[in-house]
Amino acid sequence: MAGADGTGRDGQRAAGRQAGRATGPEAVLATLDPEQREVALTARGPVCVLAGAGTGKTTAVTHRIAYAVATGVVRPDRVLAVTFTTRAAGELRGRLRQLALTAVPGAGLERVQARTFHSAALRQLTHFWPTAVGGPPPAVVESKIGLLAEAARRLRVRAGVAELRDVATEVEWAKVTGVPPRDYPAAAEKAERAAPLPPEQVAALFERYEDLRRERHLVDFESVLELTAAILAEHGPVAAAVRERYRYFVIDEFQDVNPLQKLLLDQWAGGREDVCVVGDPRQTIYSFTGATSAYLTGFARQYPGAAVISLVRNYRSTPQVVALANRVFGPGTPGKAPLVAQRPPGPPPVLAEYPDEPAEVAGVIAGIARLIAEGTPAGQIAVLVRTNAMTTGYEEALGAAGIPFQVRGAERFFDRPEVRQAIGLIRAAARSAAPDDDPAGQVGPVLAGLGLVGQPPRGRGQARERWESLEALSRLAAAFFADHPGASLADLADELATRSAMGHAPEAGGVTLASLHAAKGLEWDAVFLPGLTDGTVPIVYATTAEAVEEERRLLYVGLTRARRRLLLSWSLARTPGGRRVRKPSRFIDELRGPLPAGGGPGARRGSGTRAGPGAGERRAADPGARLGPPARQRFDRLREWRLAAARDQGVPAYVVFPDATLAAIAERAPRTRAELSGIPGVGAVKLERYAAAVLALCADPAGGGR
């Protein structure tokens with residue numbers, strides 16, 4: 001897996017120019033592509049960066065911060081970069097540290113604050129509570145389940161753990177969207193929420209939960225944001241202190257901001273316009289939590305005159321993967337410019353149909369085993385599914401095949417008994433630690449006492465799973481103390497609590513099994529997307545057009561996790577010999593085209609599905625297939641010219657221009673160098689080399705000027 005922005009950093013580095021030993025502002029810009037460079041150069045005022053999947057958004061924003069600091073636009077300790085996960089915050093800090101070493105040494109980039117919304121808010125709330133409110137600050141409740149269970153007992157509401165988890169989700173949605181308990185039933189009905197209990201019972205549990213939380217001087221993560229925003233709004237000296245400290249803001253994943261986070265951001269900014277937001281409307285997949293892309297798409301309305309810059313050069317995936325991902329939304333979708341691949345070609349994506357679920361599982365496992373045998377590390381392979389429950393069959397099959405794996409997701413990791421026990425013991429050890437104790441040295445004995453030995457138990461039973469959990473905690477602690485010199489055991493305990501609340505489980509070795517939601521922001525060399533049937537993708541309860549579009553975006557996120565190999569599959573029946581009543585996802589038809597038939601281990605061929613004969617496996621079509629006749633003629637002429645140019649230069653054809661760029665040129669038919677330079681994929685170097693020939697080909701129907 002790669003960094004938080006999933007840029008395919010090897011591809012980004014290969015695409016960039018080497019800065020050598022030069023330092024200073026120009027060194028910051030040296031490795032950027034034209035659009036990333038524009039982001040960095042637009043160092044003042046409101047900026048909206050529409051960053052497609054794998055286009056190097058973290059590269060763009062970290063270089064923007066570094067350039068602003070290097071040119072004196074802002075002091076580094078006045079910058080607040082806000083992310084959604086601690087992993088993303090750590091990645092951003094790491095990139096800034098690297099720039100501090102290579103491009104702008106001595107600029108103080110290590111003083112830039114990169115935090116999650118909750119981390120930044122909790123720090124401010126804890127600091128200002130004694131003066132703004134009085135008394136000691138409240139403690140953070142790590143899980144709502146305990147208080148909700150007590151509320152249910154007091155109200156005599158029968159609810160199991162599963163129902164209480166769903167109630168917690170409803171409470172979180174209500175709090176981030178500003179819905180008080182008394183208004184929950186009407187708001188839930190209007191929003192078409194699928195409440196786990198009668199809405200009136202949910203409202204009663206919500207109200208009692210809030211009473212218990214306040215009585216015990218506790219805050220949950222939503223309250224942290226709400227109370228911080230309230231203190232800033234109501235206490236002028238606090239607001240002045242915060243706004244004096246932070247004058248320059250960068251907000252990542254802005255398409256996932258909810259109303260409560262937006263309220264806090266506006267309080268932080270205090271009317272200032274040095275706000276840079278980064279996001280992709282195509283990756284809005286958390287609407288059910290209250291998130292909305294409206295703040296991203298409406299940014300220019302809130303900040304008239306804001307610069308809006310699109311990043312479309314994909315450094316993560318092969319042209320074949322990118323072409324398939326672009327098909328999810330179709331050509332010419334407003335506000336959704338297609339990605340333009342920058343990597344060399346790879347194998348075509350595979351679409352495979354199986355007679356039943358066991359055959360599909362067996363086919364996926366066989367494909368994984370083959371990739372590992374061919375040299376792909378197990379840690380660079382992922383199986384991504386729509387729901388967490390779908391991982392079970394793959395866990396069993398991978399274990400039986402002796403293939404190491406990890407299940408990604410906070411529910412799976414942080415709810416394990418041994419993990420909860422370990423975190424409790426670490427917190428207890430932190431309370432009794434002496435000031436001069438070595439915190440890293442204290443973690444080992446705690447985990448050893450719970451069963452962490454040098455070698456893992458054999459097999460795939462509970463003992464092995466327990467060992468893997470403790471080993472993952474050990475590695476997480478070691479990495480935390482390495483990244484935070486001087487941190488205490490209490491700091492580690494706080495980090496674990498934050499990770500638990502934010503769903504940031506530690507990484508482990510082996511094939512990754514994860515839901516599509518949990519995979520966002522990550523990438524692998526090979527990605528399997530099984531279970532793509534109607535009723536699963538889109539999910540059966542996606543009954544509105546808006547909900548179906550969110551499912552489309554979720555599939556897009558899954559497709560764009562793959563760097564090189566992408567394998568999509570579905571099965572027609574649940575069990576062997578069962579009725580084959582399932583249908584492929586309705587999105588599959590949009591991914592198909594006039595593609596040659598293929599096949600794979602266990603895949604059913606000639607099944608007579610909607611794709612026609614030989615639909616077992618399919619390959620993605622070239623980008624020119626969607627063009628009308630005149631544009632298609634231009635595309636064919638451009639490809640002939642490109643082949644000749646590539647031969648003359650002794651390079652692969654895609655080095656001249658990839659097919660996606662040629663298709664865009666053919667479609668727009670530019671008449672001037674300025675029009676040609678506005679097409680994604682046409683940089684300054686290529687403009688200088690090829691503009692005359694390309695413009696002649698676009699202007700002359702007979703193909704003159706070749």
Side-chain angles (χ1 to χ4, degrees), residues 5-8 11-12 15-16 29 31-64 67 250-257 275-284 293-317 319 322-323 325-343 521 553 556-557 559-560 623 657-658 660-665 667-668 670 674-684 686-687:
D5 71 338
T7 57
Q12 174 73 78
L29 303 175
T31 60
L32 303 181
D33 70 28
E35 294 79 26
Q36 294 169 344
R37 186 183 180 92
E38 184 180 358
V39 172
L41 288 172
T42 312
R44 296 307 303 259
V47 178
C48 177
V49 182
L50 300 176
T55 56
K57 63 171 182 168
T58 302
T59 296
V61 297
T62 51
H63 283 69
R64 180 179 188 267
Y67 187 78
V250 175
I251 316 297
D252 193 15
E253 301 287 4
F254 202 62
Q255 79 280 350
D256 289 332
V257 164
V275 177
C276 174
V277 300
V278 188
D280 182 2
R282 288 168 293 194
Q283 297 188 68
T284 304
S293 62
Y295 300 125
L296 176 65
T297 57
F299 186 81
R301 288 192 294 274
Q302 180 182 1
Y303 294 95
V308 179
I309 304 167
S310 294
L311 305 181
V312 296
R313 301 174 198 251
N314 179 284
Y315 296 97
R316 175 188 301 157
S317 307
V322 168
N326 282 337
R327 282 189 172 192
V328 173
F329 297 102
T333 307
K336 296 181 172 67
L339 297 172
V340 180
Q342 305 296 303
R343 288 192 60 179
R553 296 192 293 268
Y556 175 82
V557 167
L559 295 174
T560 54
F657 282 118
T661 302
L662 288 187
I665 294 171
E667 189 171 33
R668 299 189 192 183
E675 291 177 356
L676 179 60
S677 68
I679 295 175
V682 183
K686 293 188 178 183
L687 191 69

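Sequential numbering from 1 along the given sequence is applied to the chain's residues. Bear in mind that the values here come from a model prediction, so they are computed numbers and not experimental data.
Residues A40 and L32 come closest through the heavy atom pair CB-CD1, 3.9 Å. When all heavy atoms of A306 and A300 are compared, the pair lying nearest together is CB-CA, 4.4 Å. D280 and A51 get closest at one heavy-atom pair: CB-O, 3.2 Å. Nearest heavy atoms, S317 versus A341: O-CB, 4.2 Å. Of all the heavy atoms in A674 and S677, the pair that sits closest is O-OG, 2.7 Å. A337 and V312 make their closest contact through CB-CG1, 4.0 Å (heavy atoms, listed as atom of the first residue, atom of the second, distance).
Put simply, the side chain of V257 does not reach to within 4.5 Å of the side chain of L296, judged on heavy atoms. Residues Q283 and S293 fail the side-chain proximity criterion, which asks for heavy atoms closer than 4.5 Å. Within the 4.5 Å cutoff, the side chain of E35 has no heavy atoms near those of the T55 side chain. For the pair V47/V277, no side-chain contact is recorded, criterion being any heavy-atom separation below 4.5 Å from C-beta on. Between V308 and L50 the shortest side-chain heavy-atom distance falls below 4.5 Å.
In this structure, the side chain of R282 does not engage the main chain of R553 through any donor-acceptor pair within 3.5 Å. Of the possible polar contacts, one joining the R316 side chain to the T560 backbone as a donor-acceptor pair under 3.5 Å is found. In this structure, T62 contributes its side chain and T58 its backbone to a donor-acceptor pair below 3.5 Å. Checking side-chain atoms of R64 against main-chain N and O of T42 turns up a donor-acceptor pair under 3.5 Å. Here the side chain of Q342 pairs no donor or acceptor atom with the backbone of Y315 at under 3.5 angstrom. Between the N314 side chain and the V340 main chain, no donor and acceptor come within less than 3.5 Å of each other.
Once rounded to the nearest 0.5 Å, the distance linking CZ of F254 with SG of C48 reads 8.0 Å. We find the CD1-OG1 distance between I679 and T661 to be 8.5 Å, quoted to the nearest 0.5 Å.
With no hydrogens or angles considered, no side-chain donor-acceptor pair links Q36 and E38 at under 3.5 Å.
Checked against the 6.0 Å centroid criterion, the rings of Y295 and F299 do not qualify as a close aromatic pair.
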Would you sort out whether D252 and K57 count as a side-chain contact (heavy atoms from CB on, under 4.5 Å), showing the intermediate values? CA-CA 9 Å; D252 193 15; K57 63 171 182 168; 2.9 Å; yes

